[in-house]
Amino acid sequence: MKIEILSITPNAEKLIEEAGRTAYQSFDKITDDSASKFIRRLIKMGHESVLEHAIASFHISNVSRTFSHQLVRHRLASFTQKSQRYYRESEFKYVEPESIKNNESAHAIFKSIMEYCNVGYNSLKDLGLKNEDCRFCLPEATQTELVITTNFREWRHIIKLRTDKAAQWEIRNVCTEILKILKEKAPSCFEDL
Ligand SMILES: Cc1cc2nc3c(=O)[nH]c(=O)nc-3n(C[C@H](O)[C@H](O)[C@H](O)COP(=O)(O)OP(=O)(O)OC[C@H]3O[C@@H](n4cnc5c(N)ncnc54)[C@H](O)[C@@H]3O)c2cc1C
């Protein structure tokens with residue numbers, strides 16, 4: 001798994017404070033360090049729509065299509081994912097869960113199935129079939145990459161759901177990394193998570 005932040009609203013906390021204070025007309029209370037306390041209060045009150053003014057984009061790679069299928073269920077986010085129609089997966093890479101990697105017999109079975117999928121894909125390509133149909137041979141373990149953009153309110157929602165122990169390990173690991181980055185960039189908006 002590889003996570004890279006591509007973009008984040010500049011001065012995000014200041015922007016959120018400015019927007020939030022528009023509601024209360026309390027601009028006179030703005031100081032160099034007033035944003036942090038103000039944002040914490042907004043979050044405590046559940047006035048989270050104000051967090052929608054700031055957005056962050058991440059490039060996520062070396063993850064499985066099992067993971068991406070879970071992530072794209074978050075409808076308020078925007079996604080662009082590597083295409084299996086335009087990109088030929090002749091030497092497809094895959095993600096192997098630790099539980100399989102650490103079990104010799106399971107690893108052997110898994111590896112041979114991945115090789116079999118690869119042979120299937122390339123045999124169909126050799127017959128002249130299009131990528132879009134050959135990909136039906138590929139497993140959910142197939143590596144993918146995507147860019148996701150969404151606002152801070154939706155990031156908080158995704159992170160809450162997907163870092164919970166009920167979530168699967170891969171999406172949990174990705175969202176834990178994203179949370180670490182967001183906590184560095186905009187601590188007041190994410191420190192309670
Ligand atoms: C541990 C776990 C297990 C899961 N298991 C399954 C499963 O077995 N099968 C399955 O199909 N899915 C499963 N999901 C996916 C889950 O059902 C949601 O589709 C996914 O988490 C997206 O959440 P969301 O709808 O809250 O969020 P988002 O799509 O990110 O939306 C954010 C919020 O906006 C609001 N919203 C968005 N769209 C609408 C709308 N149309 N109408 C009203 N309000 C809206 C809601 O308040 C929503 O919470 C699982 C999720 C988790 C975390």
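Positions are given from 1 along the sequence. Small disclaimer: the values here were computed from a predicted structure and weren't measured. Note that ligands are numbered from 1 as they come in the structure, with each ligand's atoms numbered from 1 the same way.
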Consider ligand 1: state whether an atom of it lies below 4.0 angstrom from any non-hydrogen atom of R162.
-> yes
Using a strict cut-off of 4.0 Å, indicate which atoms of ligand 1 neighbour a heavy atom of A166.
-> 1 (C)
R73 neighbourhood, listing ligand 1 atoms whose heavy-atom distance to it stays under 4.0 Å | 10 (C), 11 (O), 12 (N), 19 (O), 22 (C), 29 (O)
Is the ring centre of F58 less than 6.0 Å from the ring centre of W155?
-> yes
Any donor-acceptor pair under 3.5 Å linking the side-chain atoms of [Y] with those of [X]?
| X | Y | answer |
| --- | --- | --- |
| R172 | T163 | no |
| Q168 | Q70 | yes |
| T66 | E170 | no |
| E17 | S34 | yes |

[atom]: protein heavy atom closer than 4.0 Å?
| atom | value |
| --- | --- |
| atom 10 (C) of ligand 1 | yes |
| atom 52 (C) of ligand 1 | yes |
| atom 21 (O) of ligand 1 | yes |
| atom 42 (N) of ligand 1 | no |
| atom 18 (C) of ligand 1 | no |
| atom 5 (N) of ligand 1 | no |

Nearest protein heavy atom to [atom], by residue and atom, and its distance?
| atom | answer |
| --- | --- |
| atom 34 (O) of ligand 1 | L76 CD1, 3.7 Å |
| atom 29 (O) of ligand 1 | R75 N, 2.8 Å |
| atom 26 (O) of ligand 1 | H157 NE2, 2.8 Å |

Would E191 and R40 satisfy salt bridge (Lys or Arg N to Asp or Glu O under 4.0 Å), going step by step from the backbone distance to the final call?
-> CA-CA 9 Å; E191 69 195 354; R40 277 194 219 116; 2.3 Å; yes
Assess whether ring-ring contact (aromatic ring centres under 6.0 Å, His included) is satisfied between Y94 and F110, documenting all intermediate values.
-> CA-CA 11 Å; Y94 53 84; F110 186 77; 5.6 Å; yes
So, does K37 use its side chain to make a donor-acceptor pair with the main chain of R41 at under 3.5 Å?
-> no
Logged contact type for E154 with ligand 1, heavy-atom cut-off 4.0 Å, is side chain
Give the minimum heavy-atom separation between R162 and C175, together with the two atoms involved.
-> CB-SG, 3.6 Å
